[in-house]
Amino acid sequence: QESTKLITVGQTADRAKIYEPLSEFLDGSNYYWGGFGWQDYGVYGNKYEGDVKIHSPFLMLDDKIGQYVRLVWGVRAESYIYTEIQSQTESPDGLAKDQGNDKVWQFLPSASLIISPTNKMNVRLGYNKSVLRPQFAERLGIPYYDPIRSAKVYNYSDGLVSSVAHNYDFKVEWFPSGGEILSFGIYHKDIDNPIESVGFRNPSYGRDIYNLNSNNAKLWGVEFEFYKSLSFLGEGEILKDLFVYGNASFNDTKVTSYV
């Protein structure tokens, strides 16, 4: 990623109003003395370049226990190596900052216990451990402007580490007839080092956002789902082939910061 900024060139003001669509304004016809131009923004360092290597061997087993119980379980071993090849910064000492230390290997177990008391009902209990990795944009050493959030975005200078999530769920499924389902579920997530965006107003009344790791995040939720044929409204092939579907979830979350 090369960092540059659009500036006014040869004008008395450093700001100007743009009336035409942005796609037309950036076609190059406005880049002249007295108009607009591009200026290198990353003074220290030429560009950002990073590399990620991930290897994930896994083992999965599917065991039938008696007539009504099934256990699907296994583990994935994930190797993750991030290398910063070169970067940019607004200050000369920023390039000396090290990225956060991630574990090279993460062992991620999972298990799903399925109990089927009848051929029309499942009761599911599940657990899995997962890892959420920082994106390349969250590794940049130089701030950038996000037009969607209208804010200048900074990444924590000591680097971000991956978030580790422990996921638990309980679900009851009922199948009234072929292709139909009614289900209710409860789930919980316990996340260490969640990556958060924290925003505030700077002294110039602009909006700044910092990407950083918080200490922990917890989530509790319930979910409802239905997929139902309209054949109960009357006879006929048309109603039999029409379905209504709905899904709703309600979550309660809590994040604990390091500060």
Side-chain angles (χ1 to χ4, degrees), residues 52-82 100 102-135 138 160-196 213-232 241-256:
V52 168
K53 291 182 172 61
I54 298 178
H55 298 89
S56 280
F58 70 93
L59 172 68
M60 187 183 77
L61 300 172
D62 191 339
D63 296 326
K64 186 75 173 178
I65 306 172
Q67 184 177 356
Y68 305 109
V69 180
R70 178 185 174 193
L71 178 64
V72 182
W73 59 288
V75 64
R76 187 171 85 251
E78 185 173 291
S79 166
Y80 174 85
I81 300 176
Y82 165 75
D102 258 315
K103 287 184 177 180
V104 176
W105 284 97
Q106 289 276 3
F107 294 93
L108 309 173
S110 66
S112 178
L113 181 67
I114 306 165
I115 304 172
S116 305
T118 72
N119 59 2
K120 290 190 174 184
M121 178 177 287
N122 284 335
V123 178
R124 298 177 181 267
L125 288 169
Y127 164 80
N128 72 82
K129 180 181 177 182
S130 59
V131 180
L132 301 99
R133 305 294 188 183
Q135 300 179 12
E138 294 164 337
L160 299 173
V161 297
S162 300
S163 305
V164 179
H166 300 270
N167 310 290
Y168 309 84
D169 66 271
F170 167 78
K171 194 171 189 177
V172 178
E173 301 170 322
W174 178 47
F175 310 98
S177 61
E180 296 181 336
I181 183 173
L182 297 172
S183 71
F184 166 78
I186 301 173
Y187 51 90
H188 171 61
K189 295 179 180 290
D190 189 342
I191 306 173
D192 293 324
N193 295 311
I195 299 173
E196 296 277 299
N213 287 107
S214 291
N215 182 27
N216 181 264
K218 297 185 186 300
L219 180 146
W220 287 94
V222 295
E223 181 181 24
F224 307 89
E225 182 182 14
F226 67 88
Y227 190 81
K228 177 65 178 173
S229 168
L230 296 181
S231 58
F232 67 93
D241 294 335
L242 291 177
F243 290 80
V244 291
Y245 171 78
N247 179 283
S249 61
F250 303 90
N251 298 317
D252 179 67
T253 60
K254 179 180 179 180
V255 178
T256 304

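Atom set for the values below is all heavy atoms of this structure, side chains included, hydrogens, waters and symmetry mates excluded.
S229 OG to L242 CG: the interatomic distance, rounded to the nearest 0.5 Å, is 7.5 Å. Rounded to the nearest 0.5 Å, atoms NZ (K218) and NZ (K189) are 13.5 Å apart. Rounding to the nearest 0.5 angstrom, the gap separating the OH atom in Y68 from the CG atom in N119 is 10.5 Å. The line from CG of L219 to CG of N251 is 4.5 Å long, rounded to the nearest 0.5 Å. Put simply, CZ on R70 and CG on L113 are 11.0 Å apart, with the number rounded to the nearest 0.5 Å. Note that CZ of F175 and CE of M121 are 9.5 Å apart. Values are rounded to the nearest 0.5 Å.
There is no side-chain donor-acceptor pair under 3.5 Å between N215 and T256.
By the 4.5 Å heavy-atom criterion applied to side chains, Y227 and E225 are not counted as neighbours. Between D102 and Y80, the closest side-chain pair of non-hydrogen atoms falls below 4.5 Å. Within the 4.5 Å cutoff, the side chain of I195 has no heavy atoms near those of the L132 side chain. Within the 4.5 Å cutoff, side-chain heavy atoms of P134 are placed close to those of S162. Annotation: side chain of K171 is in contact with side chain of S183 (closest heavy-atom distance under 4.5 Å).
The two atoms that bring E78 and R76 nearest to each other are OE1-NH2, 3.1 Å, heavy atoms only. Residues S177 and E180 come closest through the heavy atom pair OG-OE1, 2.7 Å. Counting all heavy atoms, side chain and backbone alike, S163 lies closest to I191 at CB-CG2, 3.9 Å.
The main-chain N or O of N167 is never found under 3.5 Å from a side-chain atom of H188 such that the two would form a donor-acceptor pair. Here the side chain of K120 pairs no donor or acceptor atom with the backbone of W174 at under 3.5 angstrom. Judged by distance alone, with hydrogens and angles left aside, the side-chain atoms of N193 form no donor-acceptor pair with the main-chain N or O of N213 at under 3.5 Å. In this structure, the side chain of D252 does not engage the main chain of G221 through any donor-acceptor pair within 3.5 Å.
Ring geometry for F226 versus Y245: interplanar angle of 30 to 60°, hence tilted. Classified by interplanar angle (parallel below 30°, tilted 30° to 60°, perpendicular above 60°), the ring pair F184/F224 is tilted.
Heavy-atom contacts from other residues, nucleotides or ligands closer than 6.0 Å to CZ of R133 number more than 12. For K129, the NZ atom is densely surrounded, since the number of other residues' heavy atoms within 6.0 Å is greater than 12. Residue K64 places its NZ atom among more than 12 non-hydrogen atoms of other residues, nucleotides or ligands, all under 6.0 Å distant.
Paired with L108 under the rule side chain to side chain contact (heavy atoms under 4.5 Å, CB included), one option of V75, V164, V131 passes, and it is V131. Applying the ring pair (Phe, Tyr, Trp, His ring centres under 6.0 Å) test between Y127 and each of F170, Y168, Y187 identifies Y168 as the sole match.
The residues R124 and D169 are annotated as not salt-bridged, no charged nitrogen and carboxylate oxygen being separated by less than 4.0 angstrom.
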